[in-house]
Amino acid sequence: MVGRKGFSLLEILIVLGIIFIIVSISIPLFLRVQEDAKRNSQIYNLSLVQLEIEKFYLKNGRFPSSEEIQNLLTTNFVENPICPYNSLNYIFTSNITAFRNALKNNNFNNAHIIYYYVSGRTYTLWYYPPKFYVGNKATKIFHYPWCWTLPAPQNQVFFNTREEAINNGYRPCDNCQP
């Protein structure tokens, strides 16, 4: 028998099967790593904003307004932080209804909209993806952060997971169904 000049069909099928297995394992891992990188970038950008807010407070004795934060970003950074989800500059709003409506249905197009709320000597920054739940201490109901039935700030408690809220005796909101 003379030397073979090619591969058999079985050998080709085995190689294709191995390649398929490797690709089917690596694509979900790649997508998860990509999502983690976006989330970490978003958290890092907001930590830069928080640092500027704290510096503003130390300098002026009060927290900046939403418009003043926009000015802080343009004057204190060489380049404005960019949202990793849609490559837009961040916009700050103190209108909770507009923020909730912008983030309904996991809308990545509006991930650059940041809710900024000042109450006395504290402030709150909410941003996408809001991977947390807001519980109402009075009713023992938990919500998504954009739910229109969200409780007043003094009645809020935060949970990282749905299971954590349920384990603490809270039930899901009938409106937003978290």
Side-chain angles (χ1 to χ4, degrees), residues 30-60 62-137 139 141-162 164-165 170 172-178:
F30 172 75
L31 294 175
R32 190 175 316 129
V33 167
Q34 194 175 30
E35 174 60 29
D36 288 345
K38 286 179 182 179
R39 187 178 314 112
N40 290 338
S41 177
Q42 182 88 317
I43 291 169
Y44 176 74
N45 287 343
L46 270 292
S47 69
L48 292 175
V49 171
Q50 283 180 306
L51 182 63
E52 290 303 317
I53 292 171
E54 299 293 334
K55 286 176 15 184
F56 185 94
Y57 181 81
L58 290 174
K59 185 177 180 182
N60 299 309
R62 64 177 178 82
F63 290 111
S65 67
S66 297
E67 296 79 25
E68 288 174 319
I69 290 178
Q70 296 293 150
N71 292 337
L72 284 175
L73 294 180
T74 56
T75 57
N76 294 354
F77 292 105
V78 174
E79 189 175 297
N80 281 349
I82 302 292
C83 177
Y85 292 97
N86 56 19
S87 301
L88 297 173
N89 290 326
Y90 289 107
I91 297 172
F92 294 86
T93 181
S94 56
N95 182 343
I96 189 65
T97 304
F99 176 74
R100 289 178 190 156
N101 290 337
L103 296 184
K104 280 185 179 176
N105 303 321
N106 293 334
N107 190 346
F108 287 99
N109 295 328
N110 292 323
H112 63 292
I113 299 174
I114 308 299
Y115 175 69
Y116 173 67
Y117 174 77
V118 177
S119 174
R121 300 183 141 233
T122 63
Y123 68 93
T124 302
L125 285 176
W126 285 350
Y127 56 92
Y128 191 90
K131 301 290 185 187
F132 63 90
Y133 300 91
V134 181
N136 186 334
K137 293 178 188 175
T139 62
I141 296 174
F142 69 95
H143 312 265
Y144 282 124
W146 55 81
C147 180
W148 65 272
T149 61
L150 204 64
Q154 64 270 17
N155 287 334
Q156 293 178 353
V157 62
F158 300 98
F159 302 105
N160 291 323
T161 64
R162 186 177 204 283
E164 181 184 356
Y170 287 77
C173 170
D174 292 331
N175 179 41
C176 64
Q177 300 173 350

Undergrad: Please list, chain by chain and in numerical order, all residues satisfying side chain to side chain contact (heavy atoms under 4.5 Å, CB included) with D174, sequence neighbours excluded.
TA: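 Result, side chain to side chain contact (heavy atoms under 4.5 Å, CB included) vs D174: R171.
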
Undergrad: Are any of the side-chain heavy atoms of F142 and C173 separated by less than 4.5 Å?
TA: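 No; the side chains remain at least 4.5 Å from each other.
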
Undergrad: Donor-acceptor pair, N45 side chain versus I82 backbone, under 3.5 Å?
TA: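 Answer holds: yes.
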
Undergrad: Counting only heavy atoms not in Y44, do more than 12 sit closer than 6.0 Å to its OH atom?
TA: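 12 or below, so no.
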
Undergrad: K38 and P84: which non-hydrogen atoms are nearest, and at how many Å?
TA: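 For K38 and P84, the tightest heavy-atom pair comes out as O-CG, 3.3 Å.
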
Undergrad: If you look at every heavy atom in E68 and F63, which pair is closest and at what distance?
TA: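 For E68 and F63, the tightest heavy-atom pair comes out as OE1-O, 4.5 Å.
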
Undergrad: Does R62 offer a backbone N or O that forms a donor-acceptor pair with the side chain of N60 under 3.5 Å?
TA: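 Not confirmed, N60 side chain does not pair with R62 backbone.
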
Undergrad: Starting at OG1 of T93, measure out to CD1 of I69 and round the result to the nearest 0.5 Å.
TA: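 Answer for the OG1-CD1 pair, T93 versus I69, is 11.0 Å.
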
Undergrad: Between F159 and Y170, is the gap from one ring center to the other below 6.0 Å?
TA: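 Yes; Y170 has its ring centre under 6.0 Å from that of F159.
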
Undergrad: Assess whether side chain to side chain contact (heavy atoms under 4.5 Å, CB included) is satisfied between Y90 and L46, documenting all intermediate values.
TA: CA-CA 10 Å; Y90 289 107; L46 270 292; 4.1 Å; yes

Undergrad: If you take all heavy atoms of F92 and V49, which pair is closest and at what distance?
TA: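 Between these two residues, the closest heavy atoms are CZ-CG1, 3.7 Å.
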
Undergrad: Output the distance between atom OG (S94) and atom OH (Y117), rounded to the nearest 0.5 Å.
TA: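 If we round to the nearest 0.5 Å, S94:OG and Y117:OH are 10.0 Å apart.
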
Undergrad: Please report the closest heavy-atom contact between P64 and Y116, naming both atoms and the distance.
TA: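 So the two residues come closest at O-OH, 2.6 Å.
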
Undergrad: If every non-hydrogen atom of N89 is compared with every non-hydrogen atom of H112, which pair is closest and at what distance?
TA: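 N89 and H112 have their closest heavy atoms at O-CD2, 3.4 Å.
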
